Amino acid sequence: MIGINMTTYVAFLRGINVSGKHKVLMSELRKLCENLNLQQVMTYIQSGNIVFNSTVGSTVELEELLSKAILNDFGFNVPVIVKTVSGLQEILNHNPFITDVEILSKQIYFVLFKNNPNIDALENFKSESFDNEEFVIVDTCIYLKCKSGYGKAKLNNNLIERKLKVLATTRNYRTMIKLIELS
């Protein structure tokens with residue numbers, strides 16, 4: 001049960017526990033969050049997904065709080081993107097790639113933005129085309145369909161960050177659904 005003035009959030013950490021870099025045990029990450037007075041902290045898989053409750057009303061404040069704590073405790077800087085559960089649910093509700101075939105074949109990904117894309121870069125990007133990949137851009141994310149799987153995708157997180165001049169992190173459909181369930 002959420003306390004008075006508590007909001008449920010999901011934090012996405014970009015680039016932890018990938019290829020042996022920025023290693024963080026989830027138990028240590030939960031402890032760090034609890035030391036920041038975040039409540040009912042849960043982590044999901046090793047890629048840096050945290051569900052928690054907080055009285056802090058700003059996702060930007062929470063992003064800064066978590067980023068600074070991770071830098072202080074673990075010694076490296078990682079982008080942190082925080083969404084309210086209602087914001088995350090809205091992203092899922094507007095997913096244009098929702099057929100059973102797309103979902104069951106594990107083709108659907110969400111590239112979540114930390115900051116708004118550069119307008120000129122965004123306009124240029126909309127004309128891009130990638131074999132076996134489709135995308136739809138909205139304010140908060142890119143909906144991505146990778147027909148050959150994300151591992152083979154040309155339109156990956158690094159390319160999106162570079163072309164749109166944003167910080168972003170990518171999660172698959174199953175992870176997004178699980179985070180909503182956990183919240």
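On a predicted model such as this, the values are computed, not experimentally measured, just so you know.
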Find the distance between [atom1] ([X]) and [atom2] ([Y]) and round it off to the nearest 0.5 Å.
X: S58; Y: E64; atom1: OG; atom2: CD; value: 7.5 Å
X: T7; Y: Q39; atom1: OG1; atom2: CD; value: 12.5 Å
X: L164; Y: L159; atom1: CG; atom2: CG; value: 8.5 Å
X: E133; Y: K152; atom1: CD; atom2: NZ; value: 12.0 Å
X: L179; Y: R171; atom1: CG; atom2: CZ; value: 8.0 Å
X: T175; Y: N49; atom1: OG1; atom2: CG; value: 6.0 Å

Does [X] share a hydrophobic cluster with [Y], counting links as ILVMFWY side-chain heavy atoms below 4.5 Å and allowing steps through other members?
X: V136; Y: L112; answer: yes
X: M26; Y: V82; answer: yes
X: V56; Y: I50; answer: yes
X: M42; Y: I45; answer: yes
X: V41; Y: V85; answer: no

Atom of [X], atom of [Y] and distance for their closest heavy-atom approach:
X: K106; Y: Y109; answer: O-OH, 3.6 Å
X: G48; Y: I16; answer: CA-CD1, 3.5 Å
X: P117; Y: D139; answer: CD-O, 4.4 Å
X: T8; Y: S183; answer: CG2-CB, 3.7 Å
X: L29; Y: F74; answer: N-CZ, 4.3 Å
X: L32; Y: A69; answer: CD1-O, 3.5 Å

Does a side-chain heavy-atom distance below 4.5 Å link [X] with [Y]?
X: K83; Y: T140; result: yes
X: I160; Y: L155; result: yes
X: L88; Y: F12; result: yes
X: C33; Y: L66; result: yes
X: N156; Y: T170; result: no
X: I108; Y: M176; result: no
X: L38; Y: Y9; result: no
X: P96; Y: K145; result: no

Of the options L167, V138, V166, which is the one that meets F113 in a side-chain contact (heavy atoms from CB on, under 4.5 Å)?
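By the side-chain contact (heavy atoms from CB on, under 4.5 Å) criterion, F113 pairs with just one of L167, V138, V166: V166.
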Mark yes when over 12 heavy atoms from residues, nucleotides or ligands other than K114 sit less than 6.0 Å from its NZ; otherwise mark no.
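For K114, atom NZ is crowded (more than 12 foreign heavy atoms under 6.0 Å).
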Considering residues, nucleotides and ligands other than D131, do more than 12 of their heavy atoms fall under 6.0 Å from its CG?
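Not buried by this count: 12 neighbours or fewer within 6.0 Å.
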Strictly under 6.0 Å, is that where the ring centroids of F125 and F135 end up?
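Yes: the rings meet the under 6.0 Å criterion.
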So, for Y143 and F110, is the gap between ring centers shorter than 6.0 Å?
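Yes; F110 has its ring centre under 6.0 Å from that of Y143.
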How far apart are the C-alpha atoms of E63 and I81, what are their side-chain angles, what is the distance that settles it, and do they pass the side-chain contact (heavy atoms from CB on, under 4.5 Å) test?
CA-CA 6 Å; E63 289 169 350; I81 298 170; 4.3 Å; yes
Full working for side-chain contact (heavy atoms from CB on, under 4.5 Å) between L92 and I177:
CA-CA 8 Å; L92 279 167; I177 291 295; 4.0 Å; yes
Can you tell me how the ring of F76 sits relative to the ring of H22, calling it parallel under 30°, perpendicular over 60° and tilted otherwise?
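Tilted.
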Would you mind checking if E161 and R14 are paired as a salt bridge, meaning a charged N to carboxylate O distance below 4.0 Å?
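Salt bridge present between R14 and E161.
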